[in-house]
Amino acid sequence: MLGVAFGSVVGASAAFAQAAPVQEQAAPEEGLGEIVVTAERRSENLQKVPLSVGVASGDALRAYTAGGDDTLLALSGRVPGLYVESTTGRIFPRFYIRGLGNIDFYLGASQPVTVIQDDVILEHVVLKSNPVFDVRQVEVLRGPQGSLFGRNTTAGIIKFDTNKPTNDFESRASASVGSYNSVSLDAGVGGPLIKDLLSIRLSTLIQHRENYVDNVFAGTSLDNTATPRKDAMGGFDDRNVRVQLALTPGERFTLDLSGHARWYDGTSTLFHRGALKKGSNDVSAEPRNTVSYDEANDNPQSYNTYGGSARATYDFGPAALTSITAYETTSGFSRGDTDGGAAVNFAGRPSYGQSQGQIRDLDQWSQEVRLAGTPGGRFNWQIGGLYFDSRDITDFYQRAFFLTAPDLNGTQPNPNNWVRLHDVNTSWAGFGQVSYEIAPKLTISAGGRITEDKKRTELLKTANTVTNGVTYKGRTDVTLKATKPSWDASLLYQASPDVSLYTRVAEGFRGPTIQGRSAVFNSDFTTAKSETILSWEGGVKSRLLNNTLSLNATVFAYRVKDIQLNGNDVNGNGVLFNADKADAYGMEAEANWKPVPNLTLGAGLSLLHSKIRDKNVYAQVCILNNIVVCTVQDPTIKVGANTFAQIDGNPLPNAPEYNVDLNARYDQPLGNGGRAFIAGDFNIQGYTQFVLYKTKEFTANGNFEGGLKIGYAAPDDAYELAVFARNITGEKNLKGVIENYMAAVFNEPRIIGVSLSGKFR
């Protein structure tokens, strides 16, 4: 009989990498445990993997999301070199590793960071938002991962591994309640159905928050929302379930089946119109919990996602054959007041902006087959192939216009525009990797892959305007294809049992991309050809001071040729284009120190310098009604009524120049065998530019957040009861912008609450 009990959360001190690994060997009480990763598709000691890998334990992630925060956004800055943001709510996270990402808000946008959950590729941006729950470990593989993981990994991989069914009963759960009636429950329970033959694990994540943002608009509305309403938006209900079965009919064959579902209803990102004043990025005067929206019906957002996978492995002895078959599907919509509120601009002319994206149906299939030699010994190898197929039908709706008079009952210029697009992305690849100890303590590894990536976008429904009946005249069917190799090579030298040195060079590519959304304003599709990256890194991994201090550090440099960038057109729609190249260099360091048995200290640091290099590439600036509304610091040119800035030499957008993460935990033993503890964490983000061109307004510098947790842990960690605070100082940090309307996006508010966690085996 299966039951549910509460599972332990280590606490906020386990912020990253070595902070609180889940899968570790037993260690002396005063020392650190071993971290095991699967960055190269086999289990290895992190200290002996010849690439830069950041690791966060499941317990660490659950501590950061105790207040109901998005499980993916909570990773931002917690692993050195990783930044995560969203301006489209909880269903559209955007990932950046070492400054390389994609600011495009188009539902069909590609990203140079691939998300993998339990060996299943999640390619579409909505699938990447699948919450992480009952997770064992998170691995961030920095730099190109084109050999083992394929295209669209020019920046790296974020890899989530969940807790699996076991042959012995075990369960864990973490529950919390906090401000704004925030509730979070993350639980898993499992054990044998038939001893030594069939095991099961059931997992769930339930998160809830009440609406807490007031809509104070009281004027004439386009969407009949003229009555002010308290607590109109900001809340969400995120309900998730997963079931896993593990079949082991013999010593050689295993079959793992997994199915999951998500039902999400909430609020899309809230833009605060005019929160940024010309000449400043100070948003302190803007109230966090108040907006004035005259359209979009309080920014609703809703998605249902389902998926499943089958992983079969047969061990032949010298080698094991693995097949992974997976299917994902999702549908839903997101609607937003994109101008951030009602306002009168420029000689009394009101402007309106609203958008909605709706996935009517998305289906993703993937099939991978891999043959790998038995790990161990001086020589290791693996070969494999992958087929990937993703298809969706998506509607886009955009409204953006000015009224020449305040009468909303008359004819509206440039009113509602709808388009329906059909996107198809297919890809196949063959890959292999070998690793050989060429001399004592010196191992060389090399891998290669050949990939064909094909994208097609078809316009199924044209965009017509009511006033003039103009029918879309641009392309209605665009196909792009690229076949490219990717590779990597590395050296690992085990200088001593506690110190290893490595160097790695890698090349990868991101497939070509099509942007069809511009058709809503009768503009042609925009496209970008493949980008390629050549990256080098070198590092040291060490365990020092009698295994009480771990210190890992990496330096890196890369060049991206034909880098895919995204700007805006005159209507505020994303426009794809390539720049000649972008260069970057930097470093990451992470340390975990246990100076005495009851005290753990952790620190992470990333430094980054990036530059776009193309004197002939320009990006449209913040323009509303033909007037530049922000302070542009780049050289500009005029093309008709539009203004464009030269972006040569600018840093990549959403690429913090530095990030510091600090954490600590102290446990005080008690007479009954339990412990009282206090844990805290602190994160600070350096200069970050949100758009391609330099301004005084669209930047952040010095954003910080802190967390605190104080509680009691019972003997043997049977349960833990604590009070916690996330964003404890109530910081209101600028996290994103809508340029034309000087609108701001903020971080999550302060959440104070109580948590209870425990485990039972």
Q.
Test side chain to side chain donor-acceptor pair (under 3.5 Å) on Gln111 and Asn102; report intermediate values, then the result.
A. CA-CA 6 Å; Gln111 296 180 351; Asn102 184 5; over 6 Å; no

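- The residues Asp119 and Arg311 are annotated as salt-bridged, a charged nitrogen and a carboxylate oxygen being separated by less than 4.0 angstrom.
- Judged by distance alone, the side chain of Arg142 and the main-chain N or O of Thr554 form no donor-acceptor pair under 3.5 Å.
- Taking 4.5 Å as the limit, some side-chain heavy atom of His422 sits within range of a side-chain heavy atom of Val424.
- Between Tyr327 and Trp365, the ring center distance clears the sub-6.0 Å criterion.
- When each of Gln244, Lys164, Gln117 is paired with Ser258, the side-chain contact (heavy atoms from CB on, under 4.5 Å) condition holds for Gln244 and for no other.
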**Q.** Test side chain to side chain donor-acceptor pair (under 3.5 Å) applied to Thr513 and Gln564, step by step
**A.** CA-CA 8 Å; Thr513 305; Gln564 296 180 12; 2.9 Å; yes

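- At a threshold of 4.0 Å, the pair Glu531-Arg151 does not count as salt-bridged, since none of the basic side-chain nitrogens sits closer than that to a carboxylate oxygen.
- A salt bridge does not link Asp453 with Arg510: none of the charged nitrogens is closer than 4.0 Å to a carboxylate oxygen.
- Remark: Arg42 engages Glu44 in a salt bridge, criterion side-chain N to carboxylate O under 4.0 Å.
- Note on ring orientation: taking the six-membered ring where Trp is involved, the planes of Tyr306 and Trp263 are perpendicular (angle over 60°, cut-offs 30° and 60°).
- Shortest non-hydrogen contact noted between Leu442 and Tyr493 is CD1-CB, 4.1 Å.
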Q: Could you go through the side chain to side chain donor-acceptor pair (under 3.5 Å) check for Asp118 and Thr162 one step at a time?
A: CA-CA 7 Å; Asp118 290 335; Thr162 64; 2.7 Å; yes

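- Within 6.0 Å of CG in Asp716 there are 12 or fewer heavy atoms belonging to other residues, nucleotides or ligands.
- Listed for the Arg378 side chain is a donor-acceptor partner under 3.5 Å among the backbone atoms of Glu437.
- Of all heavy-atom pairs spanning Asn304 and Thr330, the tightest one is O-OG1, 3.1 Å.
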Q: For Arg262 and Asp238, run salt bridge (charged side-chain N to carboxylate O under 4.0 Å, His left out): C-alpha distance rounded to whole Å, both residues' side-chain angles, the deciding distance at 0.1 Å, then the answer.
A: CA-CA 7 Å; Arg262 180 192 192 189; Asp238 206 343; 2.9 Å; yes

Q) Does the side chain to side chain donor-acceptor pair (under 3.5 Å) test come out yes or no for Asp488 and Gln433, once each step is laid out? A) CA-CA 9 Å; Asp488 65 78; Gln433 185 202 49; 4.8 Å; no

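- Ring-plane geometry between Tyr314 and Phe253 is classed as tilted, the angle between the planes lying from 30 to 60 degrees on a 0 to 90 degree scale.
- Once rounded to the nearest 0.5 Å, the distance linking CG of Leu107 with CD1 of Ile359 reads 5.0 Å.
- Side chain of Asp256 to main chain of Leu247: no donor-acceptor pair is present (N/O by atom type, distance under 3.5 Å, no hydrogens or angles).
- For Arg78 and Tyr64, the positive end sits near the middle of the six-membered ring, less than 6.0 Å away and at most 45° from its axis.
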Q: List the steps and the verdict of side-chain contact (heavy atoms from CB on, under 4.5 Å) for Tyr585 and Leu608.
A: CA-CA 6 Å; Tyr585 60 87; Leu608 176 68; over 6 Å; no

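- Taking the centre and axis of the six-membered ring of Phe95, the NZ or CZ atom of Lys128 falls outside the cone set by 45° and 6.0 Å.
- The distance from the CZ atom of Arg172 to the CG atom of Asp717 is 13.5 Å, given to the nearest 0.5 Å.
- One distance of note links CZ of Arg559 with OG1 of Thr532; it measures 10.5 Å at 0.5 Å rounding.
- Between Val434 and Trp381 the shortest heavy-atom distance is CG1-CB, 4.1 Å.
- Minimum heavy-atom separation, Phe316 to Arg252: C-NH1, 3.2 Å.
- Under the 3.5 Å distance criterion, the side-chain polar atoms of Thr38 are left unmatched by any main-chain donor or acceptor of Arg41.
- A donor-acceptor contact under 3.5 angstrom links the side chains of Thr322 and Thr313, judged on distance only.
- Asn167 approaches Pro192 most closely through the heavy-atom pair O-CG, 3.5 Å.
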Q: Any chance you could lay out the salt bridge (charged side-chain N to carboxylate O under 4.0 Å, His left out) test for Lys581 and Asp562, step after step, and finish with the verdict?
A: CA-CA 5 Å; Lys581 57 181 172 285; Asp562 298 317; over 6 Å; no

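- Remark: side-chain polar atoms of Ser496 are paired, donor with acceptor, to backbone N or O of Val499 under 3.5 angstrom.
- Atom CG of Leu193 sits about 5.0 Å away from atom CG of Leu198, to the nearest 0.5 Å.
- Of the inter-residue distances, the one linking Leu148 atom CG with Phe431 atom CZ reads 6.5 Å to the nearest 0.5 angstrom.
- Side-chain contact, Glu40 with Asn380: no donor N or O sits under 3.5 Å from an acceptor N or O.
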Q: Decide side-chain contact (heavy atoms from CB on, under 4.5 Å) for Tyr502 and Val49; before the verdict, give the C-alpha distance in whole Å, the side-chain angles of both, and the deciding distance to 0.1 Å.
A: CA-CA 8 Å; Tyr502 75 93; Val49 176; over 6 Å; no

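- Note that OG of Ser390 is 10.5 Å distant from CD of Glu328, once rounded to the nearest 0.5 Å.
- The cationic group of Arg98 lies under 6.0 Å from the six-membered ring centre of Phe556 and within 45° of the ring axis, placing it in a cation-pi geometry.
- Looking at heavy atoms from C-beta onward, Asp361 lies out of side-chain contact with Ser331 at the 4.5 angstrom threshold.
- With Thr114 contributing its side chain and Asn152 its backbone, the two residues share a donor-acceptor pair below 3.5 Å.
- Residue Leu491 is tested with Leu501, Thr443, Thr503, Val505 for a side-chain contact (heavy atoms from CB on, under 4.5 Å); the sole match is Thr503.
- Considering Ser445, Pro375, Ser490 in turn, Ser445 is the only one that fulfils the side-chain contact (heavy atoms from CB on, under 4.5 Å) rule with Ser435.
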Q: Verify salt bridge (charged side-chain N to carboxylate O under 4.0 Å, His left out) between Arg136 and Asp161, making sure each step is shown before the conclusion.
A: CA-CA 6 Å; Arg136 180 182 61 83; Asp161 293 312; 3.6 Å; yes

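- Of the N and O atoms on the side chains of Glu368 and Thr325, not one donor lies less than 3.5 Å from an acceptor on the other residue.
- With hydrogens and angles ignored, the 3.5 Å screen pairs no side-chain donor or acceptor of Ser76 with any backbone N or O of Leu73.
- Ionic pairing of Lys195 and Asp168 is present here: one or more N-O contacts between side-chain nitrogen and carboxylate oxygen are shorter than 4.0 angstrom.
- Across Gly602 and Asn592, no two heavy atoms sit closer than the pair CA-OD1, 4.0 Å.
- Side chain of Ser486 to backbone of Gly146: a donor-acceptor contact under 3.5 angstrom is found.
- Using a 4.5 Å heavy-atom cutoff, the side chains of Thr451 and Thr483 are not in contact.
- Taking the charged nitrogens against the carboxylate oxygens, Arg201 and Glu170 do have a contact shorter than 4.0 Å, which makes a salt bridge.
- A 4.5 Å side-chain heavy-atom check between Val555 and Glu537 finds every atom pair outside the cut-off.
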